[in-house]
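Have a look at the structure below, then the notes.
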Amino acid sequence: MVETVNISAGYGKREVLHGVDFYAGKGEITTLIGTNGSGKSTLLRVLPGFLPVLSGDVKIDGISLKTLSRDALARKIAYLPQGKNTPDISAERMVLHGRFPYLHYPRKYGAADYRIAEEAMGQMGISEFACRQMSELSGGMRQKVYIAMALAQQAEIIVMDEPTTYLDIGQQLKFAQMLRRLSKDGKTIILVLHDILLALKLSDRIAALRDGRILKCGTPEEIRQSDIMEELYGVTVKSLHTGEGIQYFYEIPDMAEA
């Protein structure tokens with residue numbers, strides 16, 4: 001479980017988040033939504049301690065981040081940023097970076113580290129690309145490598161900023177299934193998604209942000225039934241109960257009336 005208590009944070013003198021109270025439960029998928037500049041990515045960076053807070057506190061399982069060492073924090077929470085450089089290393093070496101919090105001086109990988117990295121690559125279906133250089137892989141394949149790196153970190157909390165970038169629709173569906181399996185195993189998953197329909201379908205809870213504040217937090221149906229979608233995006237989302245669960249879709253206005 002991770003929570004923020006009256007958090008204010010930003011960059012330099014520019015405050016982006018203003019008194020944010022946020023909660024993500026164990027074994028749940030919580031998604032942050034909002035327009036560009038609403039503070040979603042800033043909040044994600046605060047959770048693993050990559051961005052210092054101006055006031056307030058972040059707690060993991062009731063323990064303040066202020067009391068945790070960098071390695072101890074990295075063993076609790078894995079962070080996958082949106083923008084990533086492409087290093088000149090193999091996919092396997094990239095995934096092995098997820099094992100850094102568990103290494104001691106001199107930092108040498110052991111058999112267990114290689115096994116965990118192989119398992120993570122297997123989960124993402126990229127085992128055959130282990131020896132390929134990152135620069136040789138497509139954008140979608142590189143994204144899978146970065147996700148495998150987060151899995152290899154074996155943290156109980158996984159934070160991902162736009163993880164479906166570069167993934168085609170088939171890969172997105174497989175990714176969603178993988179996240180569901182991880183949450184059922186007790187992982188706490190926190191995402192930023194711009195795909196609203198995917199957020200509604202995938203999430204246990206959704207937090208909607210605007211101007212550095214949380215407007216509303218609730219279940220997907222609570223969010224859909226509120227006026228948040230119209231307020232943030234100017235769109236109407238409908239739901240349909242089917243034999244396969246709730247399906248979400250945008251209401252398309254009558255073009256003849258436009």
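Computation of the quantities below employed the complete heavy-atom set of this structure, encompassing side-chain atoms and omitting hydrogens, waters and symmetry-equivalent molecules.
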Same cluster for Val2 and Leu43 if Ile/Leu/Val/Met/Phe/Trp/Tyr side chains link at under 4.5 Å? yes

Please say yes or no: joined through hydrophobic side-chain contacts below 4.5 Å, possibly via intermediate residues, are Ile246 and Phe249 part of one cluster? no

Mind running side-chain hydrogen bond (donor to acceptor under 3.5 Å, both in side chains) on Ser239 and Arg224 for me, showing each step along the way? CA-CA 8 Å; Ser239 66; Arg224 187 199 66 80; 3.3 Å; yes

Go through the steps to decide whether Lys216 and Glu222 satisfy the test salt bridge (Lys or Arg N to Asp or Glu O under 4.0 Å), and finish with yes or no. CA-CA 9 Å; Lys216 186 174 180 62; Glu222 288 172 342; 5.9 Å; no

Please lay out, stage by stage, how Met178 and Leu182 fare under the test side chain to side chain contact (heavy atoms under 4.5 Å, CB included). CA-CA 6 Å; Met178 181 199 69; Leu182 290 173; 4.2 Å; yes

Using atom types as modelled and distance alone, determine if a side-chain donor or acceptor of [X] lies under 3.5 Å from a backbone N or O of [Y].
X	Y	result
Ser8	Gly19	yes
Arg99	Ala117	no
Glu162	His194	yes
Asp168	Gln171	yes
Lys201	Tyr248	no
Ser203	Leu200	no
Gln153	Ile77	yes

Where is the tightest heavy-atom contact between [X] and [Y], given as atom of each residue plus distance?
X	Y	answer
Leu73	Pro48	CD2-O, 2.9 Å
Pro87	Met134	O-CB, 3.5 Å
Leu54	Gly10	CD1-N, 4.2 Å

Who else is in Phe100's hydrophobic cluster (ILVMFWY, side-chain heavy atoms under 4.5 Å, direct or via others)? Leu96, Leu103, Tyr109, Tyr114

Leu167 vs Thr165, test: side chain to side chain contact (heavy atoms under 4.5 Å, CB included). Steps then yes/no. CA-CA 6 Å; Leu167 300 183; Thr165 301; over 6 Å; no

Checking Arg14 against Tyr11: charged group under 6.0 Å from the ring centre and within 45 degrees of the axis? no

What's the separation between atom [atom1] in [X] and atom [atom2] in [Y], rounded to the nearest 0.5 Å?
X	Y	atom1	atom2	value
Ile63	Ile60	CD1	CD1	8.5 Å
Arg180	Ile189	CZ	CD1	10.0 Å
Gln133	Ile89	CD	CD1	8.0 Å
Leu191	Leu44	CG	CG	8.5 Å
Leu202	Ser183	CG	OG	8.0 Å
Glu92	Phe129	CD	CZ	14.5 Å

Please list, chain by chain and in numerical order, all residues satisfying side chain to side chain donor-acceptor pair (under 3.5 Å) with Asp21, sequence neighbours excluded. none

Partners meeting side chain to side chain donor-acceptor pair (under 3.5 Å) with Gln177 (sequence neighbours left out): none

Would Thr4 and Tyr23 count as having a side-chain donor-acceptor pair, cut-off 3.5 Å? no

Salt-bridge test for Glu156 and Lys26: reply yes if a basic N is under 4.0 Å from a carboxylate O, no otherwise. yes

Check this for me: does any side-chain nitrogen of one of Glu231 and Arg210 sit under 4.0 Å from a carboxylate oxygen of the other? yes

Report the C-alpha separation of Leu198 and Gln172 in whole Å, then their side-chain angles, then the decisive distance to 0.1 Å, and conclude whether the side chain to side chain contact (heavy atoms under 4.5 Å, CB included) test is met. CA-CA 9 Å; Leu198 179 60; Gln172 288 183 28; 4.1 Å; yes

Sort and list the pairs that fulfil side-chain hydrogen bond (donor to acceptor under 3.5 Å, both in side chains) and have at least one residue in residues 138-151, not counting sequence neighbours. Lys84-Gln143

Which residue pairs pass the side-chain hydrogen bond (donor to acceptor under 3.5 Å, both in side chains) test when at least one of the two sits in residues 59-74, sequence neighbours left out? Asp57-Ser64

Applying the side-chain contact (heavy atoms from CB on, under 4.5 Å) criterion to Phe22, which one of Val5, Val46, Val58, Ile190 satisfies it? Ile190

Can you tell if the side chain of Arg132 reaches within under 4.5 Å of the side chain of Val145, non-hydrogen atoms only? no

Val159 versus Leu80: any side-chain heavy-atom pair under 4.5 Å? no

Would you sort out whether Leu209 and Leu32 count as a side chain to side chain contact (heavy atoms under 4.5 Å, CB included), showing the intermediate values? CA-CA 7 Å; Leu209 282 80; Leu32 307 180; 4.1 Å; yes

Can you list every ring-ring contact (aromatic ring centres under 6.0 Å, His included) pair that touches residues 217-247, not counting sequence neighbours? none

